[in-house]
Amino acid sequence: MENRISSKILLGMYRKMVEIRQFEDTVHFMFLEGKLPGTVHLYQGEEAVAAGVCANLTREDVVLSTHRADGHALAKGVSMKACFAEFFGKTTGCCAGKGGAMHLGDMSVGMLPAIAIVAGGVPIAAGCALSFKFRKKNNVAVSFFGEGATNEGVWHESLNMAAVWNLPVIFVCENNLYGASTHATKVMKIKDVAERAAAYGMPGVVVDGNDVIAVYRAAAEAVTRARSGNGPTLLECKTYRRGGHSRGDSNRYRDKEEEKAWLARDPVVIARNKLKETGILTDPEIKRIDEEVKAQIDEAIAFAGASPFPAPEDTLEGLWAE
Ligand SMILES: Cc1ncc(C[n+]2csc(CCOP(=O)(O)OP(=O)(O)O)c2C)c(N)n1
């Protein structure tokens, strides 16, 4: 096979997808049981994007995320314990319990705290890339966002600047067809978000966002281009969220046929079948991974549960750079 992907990378991406899926199953369940504060924006159905893109990154590369942050955080290497603790607002969380689900981050693994303002992370990714360029670092910045974000003014300014300055950044659009309850066709006249790249003079690539191998390959090309000083790429991953936008959203605005067709293409199942076909994954191995991840989750929940909440007098701690 041309440009063979190693079994280690393939298994690593599959494992990440299982971790994200099981993490979110647990979070969702606990949320419905009233055990989790705040709200949740699940990433289920989009796991192949985070796993496929992040498998191309080093620890020093940075990622900018959104309100739908835990998939990116886990894929970039934030520990599951620290993610759970952050969801619960505990001091052992990756942002010391002050960020919550929508602001997961850990600078030590290149995950900047996520920004829930739609398109808010896009200019910051461009800024990180500018910093890499100034400091002559061979690193890249990745900005994840939904298709809704591409209608924000700052998104366009950021892509233009990144292109003009040849910045090492990859703009990853997770096009799940809906901005909350609004279908993409109601707010954009074009078929593919990737078409927008032409306006700024960068490549615009469309990829099947439910196929982790396709995402990995497309991201590899964009990352190589960025690392070799040839500037940004807009990578549009066509995908679908398996559940509602947030909380108890029951998706009543989605067309049932559209939903059926997409839900039949579960990215975890697609990856599992592909790896089974090539003999990289076997049934006992699949079972072993599921059980290992379950144990990892149980341990993380116990850790978060046993951790303290921040003390009121520590409210202003860690807010400003020393
Ligand atoms: C600037 C701004 N406007 C509105 C919102 C409220 N809001 C939160 S998520 C969301 C939908 C975003 O859709 P998209 O960018 O496609 O991402 P997705 O939720 O599909 O992952 C909206 C409107 C916000 N957080 N920020």
Side-chain angles (χ1 to χ4, degrees), residues 20-21 23-24 27-28 31 38-54 63-76 99-105 111-126 142-159 170-197 204 206-207 209-210 215 234-255 258-259 262-263 267:
I20 299 168
R21 179 62 60 91
F23 176 90
E24 291 209 331
V27 157
H28 195 198
F31 179 78
T39 184
V40 285
H41 296 84
L42 298 182
Y43 191 63
Q44 297 201 330
E46 308 185 20
E47 293 93 339
V49 183
V53 170
C54 291
V63 157
L64 266 296
S65 176
T66 66
H67 50 285
R68 218 175 285 292
D70 55 81
H72 307 138
L74 292 169
K76 190 65 177 66
M102 287 190 274
H103 305 289
L104 298 179
M111 172 82 190
L112 271 80
I115 300 173
I117 297 166
V118 173
V122 187
I124 296 175
V142 172
S143 174
F144 289 101
F145 48 83
E147 81 296 333
T150 74
N151 295 318
E152 294 282 354
V154 71
W155 184 88
H156 293 266
E157 292 177 48
S158 306
L159 265 76
I170 298 95
F171 298 105
V172 181
C173 177
E174 303 178 312
N175 186 350
N176 60 18
L177 282 179
Y178 292 85
S181 58
T182 305
H183 196 276
T185 50
K186 287 194 179 152
V187 286
M188 53 180 86
K189 289 282 266 185
I190 50 174
K191 181 168 152 280
D192 299 320
V193 167
E195 287 178 44
R196 294 189 161 166
V206 178
V207 68
N210 283 23
V215 173
L234 170 59
L235 181 60
E236 178 183 4
C237 304
K238 304 274 192 193
T239 186
Y240 205 72
R241 53 173 152 74
R242 296 188 73 76
H245 168 67
S246 68
R247 274 178 252 167
D249 173 13
S250 56
N251 277 321
R252 270 185 294 196
Y253 46 86
R254 295 208 300 206
D255 176 76
E258 170 198 281
E259 200 168 60
W262 274 101
L263 295 188

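These numbers were taken from a predicted model, which means no experiment stands behind them. Residues take their numbers from the sequence shown, with the count starting at 1. All ligand and atom numbering here is 1-based and tracks the order in the structure.
At distances below 3.5 Å, not a single donor-acceptor pair connects side-chain atoms of His67 with backbone N or O atoms of Val40. Between the side chain of Glu46 and the backbone N or O of Gln44, no donor-acceptor pair lies under 3.5 Å.
Looking at Asn251 and Arg242, their side chains never bring a donor and an acceptor atom within 3.5 Å of each other. Checking Asn176 against Thr239 by side-chain atom types alone, no donor-acceptor pair falls below 3.5 Å.
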So what's ligand 1 close to, N/O to N/O, under 3.5 Å?
unit_1: ligand 1; atom_1: 15 (O); unit_2: Ala149; atom_2: N; d: 3.1
unit_1: ligand 1; atom_1: 16 (O); unit_2: Glu147; atom_2: N; d: 3.4
unit_1: ligand 1; atom_1: 16 (O); unit_2: Glu147; atom_2: OE1; d: 3.4
unit_1: ligand 1; atom_1: 16 (O); unit_2: Glu147; atom_2: OE2; d: 3.3
unit_1: ligand 1; atom_1: 16 (O); unit_2: Gly148; atom_2: N; d: 2.8
unit_1: ligand 1; atom_1: 19 (O); unit_2: His67; atom_2: NE2; d: 2.8
unit_1: ligand 1; atom_1: 19 (O); unit_2: Arg68; atom_2: NH2; d: 2.7
unit_1: ligand 1; atom_1: 20 (O); unit_2: Asn176; atom_2: OD1; d: 3.0
unit_1: ligand 1; atom_1: 20 (O); unit_2: Asn176; atom_2: ND2; d: 2.9
unit_1: ligand 1; atom_1: 20 (O); unit_2: Tyr178; atom_2: O; d: 2.9
unit_1: ligand 1; atom_1: 21 (O); unit_2: Arg68; atom_2: NE; d: 3.0
unit_1: ligand 1; atom_1: 25 (N); unit_2: Ala116; atom_2: O; d: 3.0
unit_1: ligand 1; atom_1: 26 (N); unit_2: Val118; atom_2: N; d: 3.0

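Within a 6.0 Å sphere centred on CD1 of Ile190, heavy atoms belonging to other residues, nucleotides or ligands number more than 12.
Results of the side-chain hydrogen bond (donor to acceptor under 3.5 Å, both in side chains) test with Tyr43 over Arg68, Glu174, Arg241 single out Glu174 as the only residue that passes.
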